[in-house]
Amino acid sequence: MTGALERSAPHGVPDPGLWDAVLAGDEYAATDAAVAALDDGMDAESLLLDVIAPLQARVGSEWAANRLTVAQEHTATAVNERVIGALARHPAVRRERERRGEVPRGRVAVACIDGEWHALPARIVAEVLRLRGWEVDYLGAQVPTPHLISHLHRTGPAVVALSSSIATRLPAAHAAVTACQATGTPVAVGGAAYGPGGRQASRLGADAWAADARTLADRLAEGPLPKPPPVHQAIDDLPHLGDQEYTHVTRSAQTLVRRVLDGLRSRFPAMAAYTDQQRRHTAEDVAHIVDFLGAALYLDDPDVFTGFLTWTAGILTARDVPAHSLLPALDMLAEQLVDYPRAAGQLSRAHDALRLTTPDAPGPGRTR
């Protein structure tokens, strides 16, 4: 545990020991703290949504601020998952679930889309819906769309809830939404990938969006979701895909990344002193930049790309890496995509936004 961490508990945590136990990877102490809250009268839904979910969000914030390592972040997440599993088996929770289940609401499938490994939000959704009396099939992380569709045909749920945390997964999410709707199953979506207010959800044709599990449960309690639209293609929702810019960037991603890395050696001389690990991190960063550019082109939303770049600048700064090192990478991508106006425009906009966050960045044609 790092001494830089605050010792106080996040808002709503019933016992400061929960935060410390999660960070220490002590699942027994964490479970004891959560169960004690239930025994003291806290209802399970509040414990899930007002304690564990904010605590997990704080884990992510601490990682972003470089106060937790990746291993510590994963350990804390694993402990939270086990705490949720223990709560689901607690006698008070089982009694509440059985009481609500006396009036069957129907069946719901909850899953993460293909490529999405951040399963904790979906797990919380599944547990909250069970508490509200739904019969829930929780399919977990990284569910390939063909297998999800097979499940829907076999079980016939009233709704499928799909979770996605990262914007680069939204093209896959769009395909999953469209395929699920083709079975006649309404689709509710949620997760950070959909942006503030879930603004991407309606663009991808989802039948509902919910900011959190409580909102989704309340919406489903009001009545069935609307019948899905007729069978359609992704381009029907996003006509700009007809310009093939998204297709070009995604199909040539490896080439784009390789050329940027080759060029950085001359455009960013500091790379000459990089260790092998630093070079691997640089390659990963450039690959993420290309992935997010692809997602922004898919959605035709420059804020997706600009938001990622400014977020990345903060991450790098927290790790004492100069954020202006991103600028030459953007320049070289722009040179390779000069014939693609949407891509060029998004790169230019992100470049301008990044310079505002790195006022000490070198000017055009100069290096530091």
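- Residues Gly115 and Gln142 share a closest heavy-atom pair of N-OE1, 2.5 Å.
- Without hydrogens or angle criteria, Glu116 side chain to His118 main chain gives a donor-acceptor distance under 3.5 Å.
- Using a 4.0 Å cut-off between a side-chain N of Lys or Arg and a carboxylate O of Asp or Glu, Arg280 and Glu284 do not qualify as a salt bridge.
- Between Asp303 and Arg349 there is a salt bridge, with a side-chain nitrogen of the basic residue lying less than 4.0 Å from a carboxylate oxygen of the acidic one.
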Practice item. Go through the steps to decide whether Thr312 and Leu326 satisfy the test side-chain contact (heavy atoms from CB on, under 4.5 Å), and finish with yes or no. Key: CA-CA 9 Å; Thr312 300; Leu326 296 168; 4.2 Å; yes
Practice item. May I have the step-by-step check of side-chain contact (heavy atoms from CB on, under 4.5 Å) for Leu148 and Leu162, ending in yes or no? Key: CA-CA 10 Å; Leu148 175 61; Leu162 299 179; 3.7 Å; yes
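- Distance CG/Leu347 to CZ/Arg342: 12.0 Å, rounded to 0.5 Å.
- Remark: Asp301 pairs with Arg199 by the salt bridge (charged side-chain N to carboxylate O under 4.0 Å, His left out) rule, at least two apart or across chains.
- Residue pairs that meet the ring pair (Phe, Tyr, Trp, His ring centres under 6.0 Å) test with at least one member in residues 51-72, sequence neighbours left out, do not exist here.
- Using a 4.5 Å heavy-atom threshold, the side chains of Leu225 and Leu220 count as touching.
- Note on Trp209: it clusters hydrophobically with Leu299, by side-chain heavy-atom contacts below 4.5 Å among ILVMFWY residues.
- Taking 4.0 Å as the cut-off between side-chain N and carboxylate O, Arg279 and Asp276 count as a salt-bridged pair.
- For residues 293-318, the pairs satisfying ring pair (Phe, Tyr, Trp, His ring centres under 6.0 Å) are His174-Tyr298, Tyr246-Tyr298, Phe292-Phe308, with sequence neighbours left out.
- A donor-acceptor pair is defined here as one N or O able to donate and one able to accept, closer than 3.5 Å; such a pair exists between the side chain of Thr275 and the backbone of Gln278.
- A salt bridge does not link Asp237 to Arg203: none of the charged nitrogens lies less than 4.0 Å from a carboxylate oxygen.
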Exercise for review: Could you walk me through whether Arg259 and Met332 pass the side-chain contact (heavy atoms from CB on, under 4.5 Å) test, one step at a time?
Suggested key: CA-CA 8 Å; Arg259 289 177 177 171; Met332 283 180 277; over 6 Å; no
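- Cluster annotation: Leu47 is not connected to Val136 through the hydrophobic network of ILVMFWY side chains, with a link wherever side-chain heavy atoms come within less than 4.5 Å.
- The minimum heavy-atom distance between Pro186 and Ala158, with the atom names listed, is CD-O, 3.3 Å.
- Pairing each heavy atom of Val159 with each of Ala188, the nearest pair is CG2-N, 4.2 Å.
- Here the side chain of Thr250 pairs a donor or acceptor atom with the backbone of Thr247 at under 3.5 angstrom.
- The same ILVMFWY cluster, assembled from side-chain heavy atoms under 4.5 Å apart, contains both Val128 and Ile84.
- Under 4.0 Å is where a charged nitrogen must lie from a carboxylate oxygen, and between Arg214 and Asp50 at least one such pair does.
- No donor-acceptor pair closer than 3.5 Å links the side chain of Thr178 to the backbone N or O of Ala175.
- You'll find the side chain of Pro157 stays beyond 4.5 Å of the side chain of Val108, heavy atoms only.
- Using a 4.5 Å heavy-atom cutoff, the side chains of Ile52 and Leu87 are in contact.
- In this structure, CZ in Arg67 is found 8.5 Å from OG in Ser61, a value given to the nearest 0.5 Å.
- The CG atom of Leu48 sits 8.0 Å away from atom CD of Glu45, with the distance rounded to the nearest 0.5 Å.
- The salt bridge (charged side-chain N to carboxylate O under 4.0 Å, His left out) test applied to Asp291 returns no partner, not counting sequence neighbours.
- The closest side-chain heavy-atom distance from Leu170 to Val304 is not below 4.5 Å.
- Checking His74 against Gln72 by side-chain atom types alone, no donor-acceptor pair falls below 3.5 Å.
- With no hydrogens or angles considered, no side-chain donor-acceptor pair links Thr77 and Asn80 at under 3.5 Å.
- Residues Leu316 and Asp285 are in side-chain contact: their nearest non-hydrogen atoms beyond the backbone lie under 4.5 Å apart.
- Between the Arg219 side chain and the Ala208 main chain, no donor and acceptor come within less than 3.5 Å of each other.
- Here CG of Leu23 is found 11.5 Å from CG of Asp26. Values are rounded to the nearest 0.5 Å.
- No cation-pi contact links Arg107 to Trp134, judged by a cut-off of 6.0 Å to the six-membered ring centre and 45° from its axis.
- Between Tyr28 and Thr31, every side-chain heavy-atom pair lies at or beyond the 4.5 Å cut-off.
- Counting all heavy atoms, side chain and backbone alike, Ile113 lies closest to Ser164 at CD1-OG, 3.6 Å.
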Point to revise | Step-by-step salt bridge (Lys or Arg N to Asp or Glu O under 4.0 Å) determination, Arg105 to Glu135 | key: CA-CA 7 Å; Arg105 289 182 176 274; Glu135 181 182 1; over 6 Å; no
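- Residues Asp339 and Leu337 form no side-chain contact, since every pair of their non-hydrogen atoms from C-beta on lies 4.5 Å or further apart.
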Show me, pair by pair, the donor-acceptor contacts under 3.5 angstrom made by side chains of residues 119-127, not counting sequence neighbours?
from, atom 1, to, atom 2, distance (Å)
Arg123, NE, Glu127, OE2, 2.9
Arg123, NH2, Glu127, OE2, 3.4
Glu127, OE2, Arg130, NH1, 2.9

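- Rounding to the nearest 0.5 angstrom, the gap separating the NZ atom in Lys227 from the OG1 atom in Thr185 is 11.5 Å.
- Residues Val59 and Val51 fall within the same hydrophobic cluster, defined by Ile, Leu, Val, Met, Phe, Trp and Tyr side chains chained together at heavy-atom separations under 4.5 Å.
- In this structure, Asp39 and Val35 have side chains that are in contact, with non-hydrogen atoms separated by less than 4.5 Å.
- At a threshold of 4.0 Å, the pair Glu335-Arg267 counts as salt-bridged, since one of the basic side-chain nitrogens sits closer than that to a carboxylate oxygen.
- Between atom CG of residue Asp300 and atom NE2 of residue His240 there is a gap of 4.5 Å, rounded to the nearest 0.5 Å.
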Practice item. Evaluate the side-chain contact (heavy atoms from CB on, under 4.5 Å) criterion for residues Asp262 and Arg265: first the C-alpha distance (whole Å), next the side-chain angles of each, then the deciding distance (0.1 Å), finally the verdict. Key: CA-CA 6 Å; Asp262 289 344; Arg265 293 187 179 91; 3.1 Å; yes
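- Under the salt bridge (charged side-chain N to carboxylate O under 4.0 Å, His left out) criterion, Asp331 pairs with no residue, sequence neighbours left out.
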Check your understanding: Asp212 and Thr215: side chain to side chain donor-acceptor pair (under 3.5 Å), yes or no, with the steps?
Key -> CA-CA 5 Å; Asp212 54 37; Thr215 305; 2.7 Å; yes
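- Both Val143 and Val187 are members of a single hydrophobic cluster when ILVMFWY side chains are connected at heavy-atom separations under 4.5 Å.
- Between Val321 and Ser325, the shortest heavy-atom contact is CG1-OG, 4.3 Å.
- At a threshold of 4.0 Å, the pair Asp114-Arg169 does not count as salt-bridged, since none of the basic side-chain nitrogens sits closer than that to a carboxylate oxygen.
- A donor-acceptor pair under 3.5 Å links the side-chain atoms of Glu245 to the main chain of Ala343, judged by distance alone.
- Residues Gln346 and Ala296 approach most closely at OE1-CB, 2.8 Å, considering heavy atoms.
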